[in-house]
Number of protein chains: 2
Amino acid sequence: MSSKEQYIGQYFGIQPQLLPQTATFFKEHALLKNEYFCRQGRNCNTLSFIRSGALRVFAYQDGKEVTQWIAAEGELITDLSSIMFGTTARWEIQALSDCELYSIERNDLNRLGDFIPNWPNLEKTFISKCFLMLEDRVFSFLSMTAEERYQQFLVKRMHLFNEVPHQYIASMLGMTPETLSRLRNKNLK
Amino acid sequence: MSSKEQYIGQYFGIQPQLLPQTATFFKEHALLKNEYFCRQGRNCNTLSFIRSGALRVFAYQDGKEVTQWIAAEGELITDLSSIMFGTTARWEIQALSDCELYSIERNDLNRLGDFIPNWPNLEKTFISKCFLMLEDRVFSFLSMTAEERYQQFLVKRMHLFNEVPHQYIASMLGMTPETLSRLRNKNLK
DNA sequence: ACCGCTGGTTGATATAGATCAAGAAAGCAC
DNA sequence: GTGCTTTCTTGATCTATATCAACCAGCGGT
């Protein structure tokens, strides 16, 4: 089984015998560091598995960039609003390093249901899990201090510290780079 | 068309001719103030439209109640994890006032697809919208002050101020009741 | 009408985290 | 390797918001 089939199979839970056919819809595609996967206000018709590299999802607020999310190897990246509803993208998505992606276009995505019997359910399951993750994230802002959010991040996604600039991690956690730096320092001792 | 059919039709975008059949799955059911719709750690097998009243979704953190969300008339209430995946509920959900609900049980929900042709898609659309709402909420914590979140809440859901205790609104917005009180006071002048 | 309780307001003080500024380190191009 | 740019760290100060405490108002029950 190709690496591409493995990624797709794991993520969506597609039956092995359907994997080869499914995989043909996903094209390999590369992105150089700093290239944009998607621009706010334009259409984003692509959903991609990240085979290598990392991307950040952000938007401008009062002239500053606010990082909503960082996606890394083994995860999916897209602008959900655009891919689901055909609206213009809500987010800027930019490569933080050179990326290798397996990408499917919106019209092909909508055709997966033609031969994967329970596709709409798999899709529903996938989005539900994303929803639950965001629920946890909202709760973390309601109930945790910056330090606690940092600790939680350490446990869940420590590897990102070696892969992406810390300033973006800080923004994603809702703190300044200075605060993140001090927390790191404090926790080393 | 009954009020029940209207609620359901509006929310999920079900074709008019299927509405009567769909509506039979939703039972009217009442909840008294302070009664629990769902308890954390137990199963929550119900999804309900709120015909009247309001409920709050919360969890305990360090002995304190943290309000994740308040749902009011015209909205849906459930524990998504429990209803989707059959897990135990992540949240406590309690009636803030006497409530009239239109409720469907989990097994009936799963049977709607038998006669509503594009049901899985309608469900997917519904959850996607919830996801986008949470995305905005996360962004509000990353990029806005307590005062800005309050202002935004005023525009979107001002009516809740007359319906539920302010302390829960404060918690949901990520601030203390004292801060909310001061912001309200400041903005009246 | 009165009592109690829950929720809201107001003031005084404390503090987590932001901001501003300067320097150090780490990447990257040539 | 050298220099330039970007990122990270550290320190000093400031500020939004939390905390603590007291008081007040409204409402439901009797």
Side-chain angles (χ1 to χ4, degrees), chain A residues 32-35 53-56 58 61-67 70 94-98 139-154 158-189, chain B residues 32-35 53-56 58 61-67 70 94-98 139-154 158-189:
Chain A
L32 292 176
K33 180 172 173 173
N34 294 327
E35 267 191 284
L55 303 100
R56 87 186 157 108
F58 70 100
Q61 181 82 344
D62 306 326
K64 287 182 182 172
E65 296 179 357
V66 177
T67 299
I70 295 167
Q94 188 180 24
L96 288 171
S97 52
D98 294 353
F139 194 74
S140 79
F141 288 112
L142 295 180
S143 67
M144 293 161 82
T145 63
E147 179 158 14
E148 289 166 331
R149 291 198 299 278
Y150 163 72
Q151 298 281 5
Q152 182 185 260
F153 183 84
L154 261 194
M158 179 143 59
H159 58 98
L160 280 187
F161 278 115
N162 310 315
E163 296 173 31
V164 307
H166 294 180
Q167 55 179 316
Y168 302 127
I169 294 176
S171 176
M172 192 182 102
L173 292 175
M175 63 186 80
T176 59
E178 291 94 331
T179 295
L180 179 60
S181 173
R182 282 185 249 265
L183 288 174
R184 277 166 57 76
N185 198 301
K186 182 175 163 189
N187 278 270
L188 285 178
K189 289 166 191 164
Chain B
L32 292 176
K33 180 171 174 175
N34 293 327
E35 267 191 283
L55 302 102
R56 89 188 156 106
F58 70 100
Q61 180 83 344
D62 307 325
K64 287 181 183 172
E65 298 180 355
V66 178
T67 299
I70 295 168
Q94 189 181 24
L96 288 172
S97 52
D98 295 352
F139 194 74
S140 79
F141 289 113
L142 296 179
S143 67
M144 292 162 83
T145 64
E147 179 158 13
E148 288 166 332
R149 292 198 299 280
Y150 163 73
Q151 298 280 3
Q152 183 185 260
F153 183 84
L154 261 194
M158 178 143 57
H159 59 97
L160 279 188
F161 278 115
N162 310 316
E163 296 173 31
V164 306
H166 294 179
Q167 55 178 317
Y168 302 127
I169 294 175
S171 177
M172 191 182 103
L173 292 175
M175 64 186 80
T176 59
E178 292 94 331
T179 296
L180 179 60
S181 173
R182 282 185 249 265
L183 288 175
R184 279 166 54 76
N185 198 302
K186 182 175 164 191
N187 278 269
L188 285 178
K189 288 163 191 165

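Under the ring pair (Phe, Tyr, Trp, His ring centres under 6.0 Å) criterion, B/Phe153 pairs with B/Phe161, sequence neighbours left out. In this view, B/His166 satisfies the side-chain hydrogen bond (donor to acceptor under 3.5 Å, both in side chains) rule with no residue, not counting sequence neighbours. Applying the side-chain hydrogen bond (donor to acceptor under 3.5 Å, both in side chains) rule to B/Gln94 yields the partners B/Arg56; only residues at least two apart in sequence or on another chain are considered. The side-chain hydrogen bond (donor to acceptor under 3.5 Å, both in side chains) search around A/Glu147 returns A/Lys186, not counting sequence neighbours. Considering only residues two or more places apart in sequence or on other chains, A/Gln152 meets the side chain to side chain contact (heavy atoms under 4.5 Å, CB included) condition with A/Ser140, A/Met144, A/Lys156. With sequence neighbours excluded, the residues satisfying side-chain hydrogen bond (donor to acceptor under 3.5 Å, both in side chains) with A/Gln151 are A/Asn187.
Between the P atom of D/dT19 and the CG atom of B/Asp62 lies a distance of 11 Å, rounded to the nearest Å. To the nearest angstrom, P of C/dG7 lies 16 Å from CZ of B/Phe161. Look at CD on A/Gln61: it is 17 Å from C1' on C/dA18, rounded to the nearest Å. The interatomic distance linking B/Asn162 (CG) with C/dG8 (P) rounds to 12 Å, in whole Å. One interatomic measurement links the two molecules: CG of A/Leu142 to C1' of D/dA18, which rounds to 15 Å at whole-angstrom precision.
Overall bending of the helix from C/dA1-D/dT30 to C/dC30-D/dG1, expressed as the angle between end axes built from five pairs apiece, is 60° (10° steps).
To the nearest 0.5 Å, atoms NZ (A/Lys64) and CG (B/Leu142) are separated by 13.0 Å. The distance from the CD atom of B/Glu163 to the CD1 atom of B/Ile169 is 9.0 Å, given to the nearest 0.5 Å. The CG atom of B/Asp98 lies 9.0 Å from the CG atom of B/Asn34; values are rounded to the nearest 0.5 Å. Taking CG of B/Leu96 as the start and OH of B/Tyr168 as the end, the distance is 6.5 Å to the nearest 0.5 Å. Of the inter-residue distances, the one linking A/Arg149 atom CZ with A/Ser143 atom OG reads 9.0 Å to the nearest 0.5 angstrom.
A/Ala54 approaches A/Ser97 most closely through the heavy-atom pair N-OG, 3.2 Å.
If you check residues 163-171 of chain B against DNA chain D, you find no residue with a heavy atom closer than 4.0 Å.
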List, with names and distances, any nitrogen or oxygen atoms from the protein found under 3.5 Å away from nitrogen or oxygen atoms belonging to nucleotides 20-27 of chain C.
residue, atom, partner, partner atom, Å
C/dC20, N4, A/Glu178, OE2, 3.1

Please enumerate all protein N or O atoms sitting under 3.5 Å from an N or O of nucleotides 14-17 of chain D, with distances to 0.1 Å.
residue, atom, partner, partner atom, Å
D/dT17, OP1, B/Ala146, N, 2.7

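Using a 4.0 Å cut-off, no side-chain N or O of B/Asn185 falls inside it from OP1 or OP2 of C/dT9.
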Contacts under 3.5 angstrom, residues 173-182 of chain B side chains, donor-acceptor by atom type, not counting sequence neighbours:
residue, atom, partner, partner atom, Å
B/Thr176, OG1, B/Thr179, N, 3.2
B/Thr176, OG1, B/Thr179, OG1, 3.1

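Side chain of B/Thr67 to backbone of B/Met172: no donor-acceptor contact under 3.5 angstrom is found.
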Whether each nucleotide of nucleotides 24-30 of chain D has a protein heavy atom under 4.0 Å at its base (B), only at its sugar-phosphate (S) or at neither (-) is summarised, 5' to 3', as -------

